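Predicted model only: the values in this text are computed from it and were never measured.
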Amino acid sequence: MAELAAQRPNRLATETSPYLRQHAHNRVDWYPWGEEALERAQRERRPILLSIGYAACHWCHVMAHESFEDPATAAVMNQLYVNIKVDREQRPDLDRLYQLSHQMLTGRGGGWPLTMFLMHEDRRPFFGGTYFPHEARFGLPAFRDLLQQVASYYHAHLDPLRQSAAKIVAALDEINAPAAAIAALEATPLQLCRARLQRSFDQHYGGFGAAPKFPQAPGLSRLLRDGGAEGALQMAELTLTRMAEGGLFDQLGGGFFRYSVDERWEIPHFEKMLYDNAQLLAVYAQGAAATGQRLFADTASSTADWMLREFANGEGALYSSLDADSEGHEGRFYVWQRESVQEALEPQQWPVFSARFGLEAPPNFEGRWHLHVSASLENIAESQRLSLEQVRASLDGSRERLLQLRAARVRPGLDDKVLCSWNALAIGGLAIAARCLGRDDYAASATAALRFLRRVHWREGRLLATSVGGSAQFNAYLDDHAFLLEAILELQSVRFRLEELQWAIELAEVMLRHFADAQAGGFFFTADDHEALISRPKSFNDEAIPAGNGVAARALLRLGYLLGDSRYLHAAERTLRAAWPALQQYPEAHAGMLQALAEYLQPPQIVLLRGRPAAIEPWLKELNAVFAPQRWSIAIPADLAGLPEAIASKPAGDGALAYVCRGSVCSAPIDSLTALRRALNAEAG
């Protein structure tokens, strides 16, 4: 370790990314992505080794320790390649292109660390993989041997590799080809998505497919919105219950880990990501509103509280992730020895806690215990002859004591980047939780994060993707704009701010001007003035986060209906038409797009409340207390100047007035809450 610390830092030492700085003392002669590295590769005719990862990635750390800190391996890398390190969270454009390239080259799914080999002249990929071990194992070659073989083959076969790389780029471009014209958009993909989710649904543990299991928040949100259909709500409810009770959820501190390695949601991969927790916060809050389940409301609140406590940057924004590892071991911060738990708790607390969280069973993680719900509160109350409230109070006291002990441990590494897109997801999640749970403090936190993004990430009418220490950089991507637009609109349903709506309009205009595909419809991932890459990506499928195109289409639909602006409605429709072949073939992989399709086929019910705040706020509170995903309620004070014409044309009266709009048609003003209830019930019926 002392030898590593003494190693002269490389070019990554001055980068803003915590992930890149983790590699500043590697023996590898790393470059960040940029002209200096690319020009050297061209000048010296050396292939480029591109390594893409992120700070919380366990296998990225393993490969760094095994290979990048190894003198012999680093020497081979430095001799044969120009080596470039990329933080996928700062440059999702590069990650997206080269992940797709990897899939085309290998026929296998990608992942991190991503290890790609690029042509020296134009950065086109010719070979790739993910993690490679230091010594040959797992059916993989030793990384050092691979490096030598690839370099030798590269220089001996340049022309055929050029042809192969050109085919990969052509295939990337083909993804963006215009879809065949269709007569009309219709509901078949919505029905097919539900049927396919039903087919892959785990009837016992919830979730979809076999292990490893991911939360799939976009799909769960779709099921909640489709709750009236047969089986939809049941699938969502069981999955949310099992995840909240499993080891995927941090039973002491709150917040969700990345994914479960088993079908039971018991043992996770221990990294914690802002984007997962932001989405699951929204889904659990919606689940609480849809079902009335206390477990879902408690899980949502615990997730929000953890997120605001652990990721707060002190200026309103939220950091990105916590590492899976501490003290060189995955999960070490979170797991327990049974004896240490028993010693820490009071004698009367131990039977309750051990029964609840599985400490009476054999260890479940490398000789230790990772906590998960093993017994119901009702069964514990009966066996211990306690009331439910006594059981809850005992568990709360035990959690508090164990959290104190856990706080003294070596903490996982924190990635203190602020990412615009992930913060936008968090703002949206907090706004939904504020509305569904009646938590005004969550709305205040969402507002603080939004103000940070406006102050730090918005510059001369353009958005920047990431910041560290209050200094923002990198042109923002589609996801940044789409997620932020939707987050602002979500926040307006809790409390209205004209300046925020005006910013939402500016963001929508930037998307139309700089991201729209005028030929084929939909939106590119990068702006028209972005750095020229080997291809300009555009995708419609959800990944760990919902598809930017789906979020953009839905947000533009809502904004278009609110403002009466047909340009936004037309852009949303063209996006859905561009995605139509994918929606027909794989609807379950496009839940974000399906949310937009559902609102295109049945425009949302927009309830505009006008009047004095004291008069309209009780109406808004009652409307928001009901789970109505197709309804968007906004309370706009009477005395605001400068409102868009479509809103200003619906004047306020002396008391409260409501206008119920569907598509381009609005009701006459409704002047009593009783009449509003009647109108909403009539339309719902």
Side-chain angles (χ1 to χ4, degrees), residues 56-58 200-221 223-224 235-288 293 295-307 310-311 321-326 330-336 356-359 361 363-366 368-376 395 399 402-403 406 412 425 429 542-545:
C57 168
H58 172 72
S200 65
F201 181 63
D202 184 333
Q203 299 283 348
H204 188 67
Y205 295 110
F208 306 94
K213 276 186 175 176
F214 291 80
Q216 299 189 32
L220 291 172
S221 181
L223 288 173
L224 286 173
M235 285 190 282
E237 199 167 353
L238 179 62
T239 302
L240 292 175
T241 299
R242 293 288 185 260
M243 290 196 306
E245 293 181 340
L248 183 76
F249 185 68
D250 182 350
Q251 299 294 337
L252 288 186
F256 285 89
F257 300 105
R258 180 71 194 92
Y259 63 86
S260 173
V261 302
D262 59 74
E263 75 279 4
R264 303 178 304 279
W265 305 104
E266 185 174 332
I267 301 300
H269 185 43
F270 284 91
E271 64 199 56
K272 282 184 174 181
M273 314 298 294
L274 176 59
Y275 63 78
D276 283 321
N277 284 280
Q279 293 178 87
L280 290 170
L281 166 61
V283 172
Y284 273 92
Q286 291 168 332
Q293 280 214 34
L295 173 64
F296 298 167
D298 289 347
T299 303
S301 296
S302 182
T303 299
D305 294 345
W306 169 82
M307 201 166 68
E310 297 291 334
F311 279 170
S321 66
L322 281 174
D323 204 334
D325 300 5
S326 57
E330 184 176 5
R332 174 64 59 87
F333 183 73
Y334 301 101
V335 298
W336 294 88
R356 177 67 169 166
F357 293 116
L359 292 171
N364 59 359
F365 184 76
E366 299 178 356
R368 298 171 186 247
W369 279 262
H370 178 56
L371 304 181
H372 63 100
V373 172
S374 184
S376 71
L395 291 172
R399 284 193 189 92
L402 294 176
L403 279 172
R406 199 172 82 173
L425 288 173
D542 301 316
E543 296 175 346
I545 54 179

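The backbone N or O of A375 lies less than 3.5 Å from a partner atom in the side chain of R356, making a donor-acceptor pair. When atom types are taken as modelled, the side chain of N277 and the backbone of G255 share no donor-acceptor pair closer than 3.5 angstrom. With hydrogens and angles disregarded, a donor-acceptor distance shorter than 3.5 Å links the side chain of Q279 to the backbone of A544. Proximity of a side-chain donor or acceptor of Q251 to a complementary backbone N or O of G246 within less than 3.5 Å is detected.
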Q: Would you check, one step at a time, whether the test side-chain contact (heavy atoms from CB on, under 4.5 Å) holds for L280 with F249?
A: CA-CA 11 Å; L280 290 170; F249 185 68; over 6 Å; no

Q: Verify side-chain contact (heavy atoms from CB on, under 4.5 Å) between R399 and L371, making sure each step is shown before the conclusion.
A: CA-CA 11 Å; R399 284 193 189 92; L371 304 181; over 6 Å; no

(Q) Run F296 and Q286 through side-chain contact (heavy atoms from CB on, under 4.5 Å) and show every step you take. (A) CA-CA 9 Å; F296 298 167; Q286 291 168 332; over 6 Å; no

Q: Could you please spell out the steps behind the side-chain contact (heavy atoms from CB on, under 4.5 Å) verdict for L274 and L425?
A: CA-CA 9 Å; L274 176 59; L425 288 173; over 6 Å; no

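Looking at residues two or more places apart in sequence or on another chain, you find a side-chain contact (heavy atoms from CB on, under 4.5 Å) between R368 and R332, V335, Q337. Residues satisfying the side-chain contact (heavy atoms from CB on, under 4.5 Å) test with A304, not counting sequence neighbours, are L281, L430, Y442. Under the side-chain contact (heavy atoms from CB on, under 4.5 Å) criterion, P212 pairs with F214, Y259, sequence neighbours left out. Not counting sequence neighbours, the partners of D323 by the side-chain contact (heavy atoms from CB on, under 4.5 Å) test are H61, D325, P412.
The line from CG of L359 to CH2 of W336 is 10.0 Å long, rounded to the nearest 0.5 Å. Residue F208 holds its CZ atom at 5.0 Å from CG of L223, rounded to the nearest 0.5 Å. Distance check, rounded to the nearest 0.5 Å: CD of E266 to CG of L248 gives 12.0 Å.
Residues H269 and E330 form a side-chain contact, since some pair of their non-hydrogen atoms from C-beta on lies under 4.5 Å apart. Residues L322 and F311 form a side-chain contact, since some pair of their non-hydrogen atoms from C-beta on lies under 4.5 Å apart. Considering only heavy atoms from C-beta on, E310 stays 4.5 Å or farther from D250 through its side chain. A 4.5 Å side-chain heavy-atom check between F256 and Y284 finds at least one atom pair inside the cut-off.
The side chain to side chain donor-acceptor pair (under 3.5 Å) contacts involving residues 235-247 comprise E237-Q293, where partners must be two or more places apart or lie in separate chains. Here salt bridge (charged side-chain N to carboxylate O under 4.0 Å, His left out) pairs that include residues 203-217, with residues two or more places apart or in two chains, are D202-K213.
The shortest non-hydrogen separation linking E263 to Y205 is O-CB, 3.3 Å. The minimum heavy-atom distance linking A282 with G429 is given by the pair CB-CA, 4.0 Å. Residues A300 and A285 approach most closely at CB-N, 3.8 Å, considering heavy atoms. Heavy atoms only, all atoms of each residue included: A288 and A297 are closest at CB-N, 3.6 Å. Of all the heavy atoms in H370 and N364, the pair that sits closest is N-OD1, 2.8 Å. The nearest pair of heavy atoms linking E271 to A324 is N-CB, 3.5 Å.
F257 pairs in a ring pair (Phe, Tyr, Trp, His ring centres under 6.0 Å) with only one of the listed residues (W265, F333, W306, Y334), which is Y334.
Between F365 and F270, the distance separating the two ring centers is shorter than 6.0 angstrom.
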